[in-house]
Amino acid sequence: MHQNDHQATRKFVEWAQNEIAVVPDFHKRILFSDEAHFWLNGYVNKQNCRIWTEANPQVYVETPLHPEKLTVWCALWAGGILLQKR
């Protein structure tokens with residue numbers, strides 16, 4: 001946590017408490033989502049992933065300009081899990 005996180009956290013909690021006072025099941029309406037891209041040629045985006053390997057990480061591997069990929073989107077909420085693949 002950073003020095004300013006406490007103030008932001010407190011502000012968020014106060015906001016959430018006010019929302020719950022107005023709408024008692026407010027917490028059930030919150031949706032957390034994220035997406036990930038998986039390249040079908042085996043390429044891994046090292047900016048978003050950390051991979052530990054014993055192989056040489058300096059080996060150059062040529063990849064196509066626009067390789068095929070699968071995008072997966074997922075959301076979690078009180079009603080369950082939503083999943084979409086593109």
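Just so it is clear, the values below take in all heavy atoms, side chains as well, and ignore hydrogens, waters and symmetry mates.
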K.L.:
If you look only at distance, which donor and acceptor atoms sit under 3.5 Å apart when one is on a side chain in residues 24-38 and the other is two or more places apart or in another chain?
P.N.:
residue, atom, partner, partner atom, Å
Glu35, OE1, Arg86, NH2, 3.3
His37, ND1, Thr71, OG1, 2.8

K.L.:
Mark yes when over 12 heavy atoms from residues, nucleotides or ligands other than Trp73 sit less than 6.0 Å from its CH2; otherwise mark no.
P.N.:
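Above 12, so yes.
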K.L.:
Is the number of heavy atoms from other residues, nucleotides or ligands under 6.0 Å of Glu14 CD greater than 12?
P.N.:
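Yes, the 6.0 Å shell around CD holds more than 12 heavy atoms from other groups.
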K.L.:
Here's a test for you: under side-chain contact (heavy atoms from CB on, under 4.5 Å), which of Lys11, Glu19, Gln17 qualifies with Trp15?
P.N.:
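With Trp15 as partner, side-chain contact (heavy atoms from CB on, under 4.5 Å) holds for just one option, Glu19.
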K.L.:
Does Lys85 have any side chain to side chain contact (heavy atoms under 4.5 Å, CB included) partners at least two apart in sequence or in another chain, and if so, which?
P.N.:
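For Lys85, the residues satisfying side chain to side chain contact (heavy atoms under 4.5 Å, CB included) (neighbours in sequence not counted) are Leu70, Val72.
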K.L.:
Please give the remaining members of the hydrophobic cluster of Leu76, linking ILVMFWY side chains under 4.5 Å, ordered by chain and number.
P.N.:
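Direct or chained contacts put Leu76 with Ile81.
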